[in-house]
2 protein chains.
Amino acid sequence: MPQIALQPLDDGTVRHRVVQLLTRHIVDGNFAPGQRLTEQQLASSLNVSRGPLREAIRELAETGLLVSKPYKGLYVRSVTHKDLEELYSLRTALEIFAFERCWSHRTEAAKDDLRSRSDVLKRTIDEGLDGQQAIELELRLHNWCYELSDHRLLQKNWEGMRSNVNFYFSLHQRAHDRKGPLRQSHDLYVELACGDSLPKMLEHLKDHMRQGFETTLDALTNRLPA
Amino acid sequence: MPQIALQPLDDGTVRHRVVQLLTRHIVDGNFAPGQRLTEQQLASSLNVSRGPLREAIRELAETGLLVSKPYKGLYVRSVTHKDLEELYSLRTALEIFAFERCWSHRTEAAKDDLRSRSDVLKRTIDEGLDGQQAIELELRLHNWCYELSDHRLLQKNWEGMRSNVNFYFSLHQRAHDRKGPLRQSHDLYVELACGDSLPKMLEHLKDHMRQGFETTLDALTNRLPA
DNA sequence: TGCGATTTGTCCGTATGTATT
DNA sequence: TAATACATACGGACAAATCGC
């Protein structure tokens with residue numbers, strides 16, 4: 001059972017730091033999916049008291065990264081075919097809604113911003129050094145439409161899904177021994193997102209998501225049978 | 001400042017009871033929107049200690065019913081034009097997705113179930129006794145497509161929005177001195193939901209939601225200027 | 001500006017309830 | 001059945017931050 005090293009710095013409340021740390025540890029795969037965690041271990045490993053730890057656990061349980069069963073225990077989210085399918089399908093619906101919402105807000109500056117995010121992502125993939133960094137940059141690319149949609153509730157929902165998507169991306173990556181997502185898979189996404197046809201963009205978005213779902217599913221069923 | 005009377009029974013953890021109680025009190029309007037709450041008042045009113053109370057607060061803050069600002073305070077969610085618009089627009093997107101998902105799962109038994117929910121709702125509206133009960137039955141009517149969609153993540157998201165929708169419905173109702181939603185406004189919804197054309201259903205769904213948004217907005221801007 | 005009061009955030013000790021062995 | 005481990009809950013105490021005067 002891997003122990004956690006508490007990152008000393010970071011600011012804000014203890015609760016907030018614990019949320020950030022546990023999120024990163026779960027996403028990075030330092031815990032096995034479905035693994036049971038006990039408050040005592042976490043509290044001593046993180047060097048915090050049970051109070052703010054339990055509050056952080058409630059937040060993570062709401063986003064789905066942790067599953068808390070009363071009087072039974074605390075578990076890292078498990079990996080199933082159905083969970084993955086639900087995550088991708090709902091994410092597709094949300095991102096379609098985000099593009100419908102942001103379509104008329106796309107200024108030239110915003111389009112440059114998106115292209116910039118794509119460039120940074122591709123550079124990081126080419127370097128091939130830090131896979132997790134590449135994943136975060138890919139999520140930042142997809143974040144564009146949510147930010148531009150000017151819809152706080154939508155953004156909040158996406159933020160809640162984001163760490164779960166990151167969780168599965170990291171699993172996929174470790175299963176394939178790859179460093180980050182495929183390089184060319186977002187060129188058409190960016191081109192259509194900056195283009196003139198919303199229907200074409202949405203159609204590509206569905207394909208893009210379906211392909212991501214299938215490749216991730218392949219990786220998990222072949223190498224990590226849940 | 002209204003005091004809370006603790007319902008004595010209910011089972012489960014204290015945290016869960018507090019979540020249920022506070023949700024009901026906020027939705028029912030026993031607190032004013034934007035009102036500040038202090039932990040001590042809540043703890044003594046509910047007769048619980050601060051530990052589980054604070055955990056319950058984290059859950060409610062995740063759903064948006066409460067807003068917690070570190071070291072500053074705890075506030076009941078406020079009422080704004082933008083919040084209402086975001087709630088209705090995202091809800092529309094989710095319910096469209098739910099109908100796309102459930103469309104092929106609609107057995108005859110499921111259709112009968114939906115009609116039964118509509119009948120119960122209309123009977124309760126006709127009685128005109130309990131407005132909150134009518135609201136919950138309307139939400140139960142809309143719950144149908146989510147249950148049938150066989151999508152736990154979607155259901156979880158909808159559950160999170162549901163209490164917020166309930167919150168605004170109750171505000172609307174009190175502003176109009178009405179007991180429950182309009183009687184006939186769901187007949188077409190049910191008919192199309194049991195019909196053969198998904199596009200027609202989705203088109204009506206958008207109209208249905210837009211109308212609900214506008215009437216609620218009217219009620220709030222005229223009588224409760226935020 | 002500073003000072004005191006209030007409130008949130010945090011820690012600890014302890015007791016109780018629940019599940020599992 | 002008993003015993004152990006753990007989650008849950010309570011209460012007191014103090015630190016940290018905010019607000020009002």
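To find a chain, count down the sequence lines: A is the first, B the second, and so on, and within it residues start at 1.
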**Q** Will you find, in the side chains of B/H151 and A/S89, an N or O donor that is under 3.5 Å from an N or O acceptor?
**A**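 A/S89 and B/H151 do have a side-chain donor-acceptor pair below 3.5 Å.
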
**Q** Quick one: is D/dC10 close enough that its OP1 or OP2 comes under 4.0 Å of any side-chain N or O from B/R15?
**A**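 No, because none of the side-chain N or O atoms of B/R15 sits under 4.0 Å from OP1 or OP2 of D/dC10.
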
**Q** Where does the angle between the aromatic ring planes of A/Y88 and A/F169 fall among parallel (under 30°), tilted (30 to 60°) and perpendicular (over 60°)?
**A**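 The rings of A/Y88 and A/F169 sit tilted, inter-plane angle from 30° to 60°.
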
**Q** Under the side-chain contact (heavy atoms from CB on, under 4.5 Å) test, which residues partner B/E136, sequence neighbours left out?
**A**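 By the side-chain contact (heavy atoms from CB on, under 4.5 Å) rule, B/E136 matches B/R24, B/Q132, B/Q133, B/N166.
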
**Q** Output the distance between atom CG (A/L22) and atom CG (A/L46), rounded to the nearest 0.5 Å.
**A**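 Here the rounded value is 5.5 Å.
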
**Q** Along nucleotides 15-21 of chain D, 5' to 3', which nucleotides get a B, which get an S, and which get a -, given that the test is a protein heavy-atom distance under 4.0 Å?
**A** --SSS--

**Q** Out of A/V27, A/I26, A/V165, which residue meets the side chain to side chain contact (heavy atoms under 4.5 Å, CB included) rule with A/S170?
**A**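 By the side chain to side chain contact (heavy atoms under 4.5 Å, CB included) criterion, A/S170 pairs with just one of A/V27, A/I26, A/V165: A/V27.
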
**Q** Side chains of B/D83 and B/L87, heavy atoms from C-beta outward: is any pair under 4.5 Å?
**A**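 A side-chain contact under 4.5 Å is absent here.
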
**Q** Both conditions, 6.0 Å and 45 degrees, for the charged tip of B/R101 above the ring of B/W103: are they met here?
**A**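 No, a cation-pi geometry is absent between B/R101 and B/W103.
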
**Q** Identify whether any heavy atom of A/E39 sits under 4.0 Å from a base atom; if not, whether one sits that close to sugar-phosphate; answer base, sugar-phosphate or nothing.
**A**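 Here A/E39 touches the bases of the nucleic acid.
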
**Q** Would you grab the first and last nucleotide of DNA chain C (5' to 3') that comes under 4.0 Å of any non-hydrogen atom in chain A?
**A**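 The contacted stretch runs from C/dG9 to C/dT20.
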
**Q** So what does A/R50 touch, heavy atoms closer than 4.0 Å: a base, only the sugar-phosphate, or nothing?
**A**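 Result for A/R50 = base.
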
